[in-house]
Amino acid sequence: MTTVSNQAGVPFTLRDRFARRFTQLQAGLVAYGVSMAFMIESHLGLDPWDVFHQGLARRTGLSFGTVTILVGVVVLLLWIPLRQRPGLGTVSNVIVIGLVVDAALWLLPAPDPMWARIGFLTGGIVLNAFATGLYIGARLGPGPRDGLMTGYVARHPRTSIRLARTVVEVTVLALGWLLGGAVGIGTVAYALAIGPLTQVFLPRLTVGAPAEVAATPEQ
């Protein structure tokens, strides 16, 4: 069990902060689902995994959220040969995000003016980074897609996380585009902005970790 100190120098374990971490985890996953809905409704392009999800949804007739959940389950099965163990955050990630994105898509209006669509896209990207900081910062387990990459790197230490992530995301982006998923300026904007934005939020949202440790994302 990891032991750290709060700002007053009083030691505590991560278990002592479980209620706060669990609440932060769920808030982050809900925010993540909402951020996905904002980007979808902008109709300006999606991040690589969501291009893939949208392509599958269009081909199968299933809802976007249902496809997100099913893909998450399949990716989680790929953890088995990598000997990765899912955490509470991993399982929650698979279920909560898919349910929330469907609900948010039902509630959100589809903006027509370009300025509104750009606002949806920008807000979605910023919220996505904030949500990522929340759920990773809760330290209750990575999402299934993040864990797939980190698990592969753990088994193949000569491969960097950056390379593994690039290969996986380029692959799912290409497949999603072939299936009819939306690729556009939003895809490029997400790729350029999500890393720096997450780096801003994550150290401030990680529970019980020094800034120098929290500054390194698990993704």
Side-chain angles (χ1 to χ4, degrees), residues 28-75 93-136 142-149 162 164-199 201 217 219:
L29 296 177
V30 169
Y32 200 99
V34 173
S35 75
M36 290 166 62
F38 271 111
M39 288 187 284
I40 293 168
E41 292 289 31
S42 76
H43 297 286
L44 290 172
L46 303 170
D47 68 271
W49 276 104
D50 285 345
V51 171
F52 181 59
H53 297 149
Q54 188 178 62
L56 282 177
R58 289 177 173 175
R59 293 287 183 172
T60 62
L62 298 173
S63 72
F64 190 97
T66 299
V67 169
T68 301
I69 292 172
L70 293 176
V71 170
V73 171
V74 172
V75 172
N93 185 296
V94 172
I95 299 170
V96 174
I97 290 177
L99 296 177
V100 171
V101 70
D102 272 352
L105 285 172
W106 182 73
L107 291 170
L108 283 174
D112 183 51
M114 181 56 70
W115 64 264
R117 293 167 60 193
I118 293 174
F120 266 46
L121 175 65
T122 303
I125 293 174
V126 174
L127 182 59
N128 189 276
F130 179 71
T132 299
L134 279 174
Y135 88 75
I136 291 181
R145 297 156 187 79
D146 299 327
L148 177 65
M149 290 176 282
R162 178 173 297 180
R165 180 168 187 164
T166 299
V167 170
V168 170
E169 294 197 350
V170 168
T171 301
V172 296
L173 176 63
L175 289 174
W177 178 73
L178 290 173
L179 291 170
V183 178
I185 187 63
T187 308
V188 177
Y190 184 91
L192 294 175
I194 193 63
L197 285 172
T198 301
Q199 197 74 10
F201 290 122
Q219 297 193 63

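These figures come from a predicted structure and were not determined experimentally. The analysis underlying the following values was restricted to heavy atoms, covering all of them including side chains, and did not include hydrogens, waters or symmetry mates.
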Problem - Inter- and intrachain pairs under salt bridge (Lys or Arg N to Asp or Glu O under 4.0 Å), touching residues 120-130, at least two apart - result: none
Exercise for the section: Please collect all salt bridge (Lys or Arg N to Asp or Glu O under 4.0 Å) contacts where either partner lies in residues 167-195, sequence neighbours excluded, each pair once. Expected result: Arg165-Glu169
Completion exercise
Those residues at least two apart in sequence (or on a different chain) that pass side chain to side chain contact (heavy atoms under 4.5 Å, CB included) with Leu197 are Ile125, Val126, Ala129, Ala193
Problem - Set of residues satisfying side chain to side chain contact (heavy atoms under 4.5 Å, CB included) with respect to Leu192, sequence neighbours excluded - result: Val188
Practice task
Report the C-alpha distance between Val71 and Arg145 in whole Å, list the side-chain angles of each, state the deciding distance to 0.1 Å, and finish with yes or no for side chain to side chain contact (heavy atoms under 4.5 Å, CB included).
Solution key: CA-CA 9 Å; Val71 170; Arg145 297 156 187 79; 3.8 Å; yes
Where is the tightest heavy-atom contact between [X] and [Y], given as atom of each residue plus distance?
X	Y	value
Leu44	Met114	CD2-SD, 4.1 Å
Arg59	Leu179	NE-O, 3.1 Å
Pro144	Gly72	CB-O, 3.9 Å

Handout entry: side chain to side chain contact (heavy atoms under 4.5 Å, CB included) between Val172 and Val51, worked out
Key = CA-CA 8 Å; Val172 296; Val51 171; over 6 Å; no
Could you tell me if the side chain of [Y] sits less than 4.5 Å from the side chain of [X], heavy atoms only?
X	Y	value
Leu108	Ile40	no
Pro48	Val170	no
Thr68	Trp49	no

Measuring from [X]:[atom1] to [Y]:[atom2], what's the distance to the nearest 0.5 Å?
X	Y	atom1	atom2	answer
Thr166	Leu173	OG1	CG	11.5 Å
Phe64	Ile69	CZ	CD1	11.5 Å
Leu46	Gln54	CG	CD	5.0 Å
Asp146	Thr132	CG	OG1	8.0 Å
Tyr32	Asn93	OH	CG	8.0 Å
Leu121	Glu41	CG	CD	12.5 Å

Practice task
Please list all pairs passing the side-chain hydrogen bond (donor to acceptor under 3.5 Å, both in side chains) test where one or both residues lie in residues 114-130, with sequence neighbours left out.
Solution key: Ser35-Asn128, Asn128-Tyr190
Practice task
Quick one: list whatever passes ring pair (Phe, Tyr, Trp, His ring centres under 6.0 Å) with Phe120, sequence neighbours left out.
Solution key: Phe38
Exercise for the section: Please confirm whether the backbone N or O of Asp50 pairs with a side-chain atom of Asp47, one donor and one acceptor, at under 3.5 Å? Expected result: yes
Exercise for the section: Look only at the side chain of Thr187 and the backbone of Gly45, and say whether a donor-acceptor pair between them is shorter than 3.5 Å. Expected result: no
Handout entry: Full working for side chain to side chain contact (heavy atoms under 4.5 Å, CB included) between Val100 and Leu29
Key = CA-CA 8 Å; Val100 171; Leu29 296 177; over 6 Å; no
Handout entry: Steps toward side chain to side chain contact (heavy atoms under 4.5 Å, CB included) verdict (Leu56, Leu62)
Key = CA-CA 8 Å; Leu56 282 177; Leu62 298 173; over 6 Å; no
